[in-house]
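For reference, the structure is listed below as structure tokens.
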Amino acid sequence: MMLSNAPLAQALMALFILAAASPASAQQALTPERAAKGKAVYEKRCAGCHGLTGQGDGPAADRLRPRPRDFKTAFYKFGDTVFGKLPLDAAIFRAVAEGLPGSSMPGWKDVLREEEIWDVVAYIKEFSRKFARLKERGEKLEPLEIGTAPKLTETDVQEGKELFLKNCEKCHGKAGRGSGPSAVALKHDLGDRIWPRNLTKGWTYRNGNSIENIYRTAAGGITGTPMPSHLESLQPAQVWKIAGYVDTIVQRERPKTSEVIIGKPIEGAPPAGPDDARGAEAAATLIPLVGQIIEGERWFTPTLDSVQVRALYDSKMIYLLVEWDDPSASPLAEPNDKFPVNEPDAFAVQLPVTIPAGMEKPYFLGGGQNSPVILWKWTNGGAVETLSSTGILKAEPFAGPAASALSANATYVDGQWRALFTRPLAGGGDGDLTIETGKYIPIAFSAWDGNNGEKAEQRAISIWYWLLLEPPTPLTVYLWPAIIGLLIAGGELWLVRKTNQHAHKKE
Amino acid sequence: MNTIRLCVGAACALTLLYTAPAGAATVKGVISTPKKAGAPEAIKVTKDHAICGAKPLTKEEMLVSGAGGLKNAVVIIEGAGKAAPGKGGIAQQGGRFEPHVITLPAKSKLEIKNNDGISHNFHSFGFENDPVNFSQPGEMKVKVVDKGFDYPEVIKIQCDIHEWMNAWIVVSDESAVAVTGADGSFSIANIKPGNYTVKVWHEKLGEVTQKVTVKDGDNQVNVALGK
């Protein structure tokens, strides 16, 4: 169709060009001038981690896992190309603009203008001569074709599960939690230890968690890592089915956390173990964990990132059910040559010695000199013990005359530990905590992944949270409304009768 | 396979000696190390025991004969001729790569076999050459990588599923290359007399170079690594 109105056509054309240029990923010509401008931005914003020469060796690099990208080797994990191939410009742009969730790479789109991000993309490509060589060879990068997700039936998803168990389970584990038998011996190409993604935690996916993103990674692999491409061995349709299955096990949003763990009163038989369905009667609270980087041997590379806590109690006992994902149950039954370190996994619940009257709590990191805490510590294959602690480096056997009888029962299934701590509400006496209902009790957690070499103060920790054992609802709460209801009904009946009598008299 | 290669090599050398007795030489010798290696350490097999543990596996990174000969060292006579692209091969078999070290002319194809019937992956750690990493399930008995070994480089190969499985591919554009046998010996025929640099590489002991003058007939070149 011809437009007869020339100015309108021009205006439409201008609009079209603007629209085409406005998406953040629109390709820009990456000229040497651009790269020169990008250098200034890079040195200000990026060099702290990625290093002045782009080799991923900035001052902060040693503290980061995964390490910052080394632009010289040009092993870009998420390049929208198949394993080992150089990345598309748009993929580098996306990583800079949006950041990489679950890593230390922030998104820069709120700090840098789009033009500046393109400048940086032009500059970081200059660190590797592979980009220039590609040009010399007259070759072009082939984008990994994704297309749109096909409609998948239940049968497709079931097939996807079978393909997953055949092709992905060795590393990602039966339940997708990254706990396959090969998970404990993986290395990044540049030497760092690396773990397969826990596919159930969608919010930690580096490169997006849509079904298309899942397909892209499963099909093309992740350059520089043990994650292989699968298009050599599977048809795209089969990879889509795998993506469709992963889609059913992924939780995309990080669950909301809460300051307070509400303990639920129960009647009848208490939970017999960590897998008892009674545990699920209490609401779960997700508690984030971070590496302990304050005292002693600091720990920047924890593998455990959160624990889910439920609390129940009856007239005598408290039942604390904790669940956390761990890529392996260590010590390993079959330790490997690659990472011979093999400490036991462990978990500790931290509580004050007495319930504080106000808001003041003991020091969160294992208590303080004048504010001791107790620890309920479970160690895989070892004892369950109550410890006294006046600091993270000062946990000792229980200091008081007697600690209340503590037991813990733990199971490990497909990448997840579930442990049930059981203890009488009453403390054993001086130096031991007596748990009361209706009171806010500070509570904190520590977890050790032994296969990651975690021991002593090298562990994942939480800050203080609150444990509140919700008092059972007293009978009067139900009784009073009934009594009031009866009274009102009675009053109304009386009124009706009186009115009727009055009316009769008038007649 | 190696025997065939050797026979063919020997036949070629003989033919050349016969037709051009004045222009060809053979460089042979022993690559050795004073390092005592002892019996190779057993590998801890942690999965797929039925296949990977069928024959006991031992570490192959340092194989030294009683006389000090070093197995799996690569000898390259630099400047003796350009390699023609061809096809190399390596197999995943019994939970190890066979052979453990291969040489490959630059721009060659590589045929990777999976003789185990279980899932492996083939992960190359190239820097000059783009790394590759693909899964090779049991049904994929043969996979040919058409391109990607273009530039001379020592490339480590790893199966990540079986963490102990690794191998080395020495990509070279030189035609005069050899991998040492169990006694550390090698033999490269059909070299024009002249002055050359011999480069020796070993996965644990690194790289040394040595200047040699090659004359007609047999030339003995012995190199010691890890002194």
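Chain A is the first sequence line, chain B the second, and so forth, proteins listed ahead of strands; every chain is numbered from 1.
- Using a 4.5 Å cut-off on side-chain heavy atoms (C-beta onward), B:Tyr151 and A:Arg133 make contact.
- Using cut-offs of 30° and 60° on the angle between ring planes, the pair B:His123 and A:Phe83 is perpendicular.
- Heavy atoms closer than 4.5 Å to chain A are found in the side chain of B:Ser119, but not in its backbone.
- Between the B:Asn133 side chain and the A:Pro226 main chain, a donor and an acceptor come within less than 3.5 Å of each other.
- For B:Gln136, no part lies under 4.5 angstrom from a heavy atom of chain A.
- Heavy-atom pairs under 4.5 Å with chain B were tallied for A:Leu332, A:Val184, A:Thr225; the largest tally goes to A:Thr225.
- Both the backbone and the side chain of B:Glu128 come within contact range of chain A, each with at least one heavy atom under 4.5 Å from a heavy atom of that chain.
- Sorted by first then second residue, the salt bridge (charged side-chain N to carboxylate O under 4.0 Å, His left out) pairs that include residues 140-154 of chain B, not counting sequence neighbours, are A:Arg137-B:Asp150.
- The most heavy-atom pairs under 4.5 Å with chain B, out of A:Ala74, A:Cys171, A:Pro335, A:Ser128, come from A:Pro335.
- Taking the side chain as every heavy atom from C-beta outward, A:Lys130 and B:Asp130 approach each other to under 4.5 Å.
- Applying the salt bridge (charged side-chain N to carboxylate O under 4.0 Å, His left out) test to residues at least two apart or on different chains, the pairs with a partner in residues 164-174 of chain B are B:Lys82-B:Asp173.
- Looking only at side-chain heavy atoms (C-beta outward), B:Lys59 and A:Asp337 come within less than 4.5 Å of each other.
- Side-chain contact between A:Lys338 and B:Lys44: absent, with no pair of heavy atoms (C-beta onward) separated by less than 4.5 Å.
- Note that CG of A:Asp189 and NZ of B:Lys156 are 10.0 Å apart. Values are rounded to the nearest 0.5 Å.
- Closest heavy-atom contact between A:Asn167 and B:Pro137: OD1-CG, 4.4 Å.
- No side-chain heavy atom of B:Asp160 sits less than 4.5 Å from a side-chain heavy atom of A:Lys170.
- With a 4.5 Å cut-off on side-chain heavy atoms, B:Phe134 and A:Ser233 do not count as touching.
- At a 4.5 Å heavy-atom cutoff, A:Lys72 makes no contact with chain B through either its backbone or its side chain.
- Contact of A:Leu231 with chain B is not made at all, since no heavy-atom distance falls under 4.5 Å.
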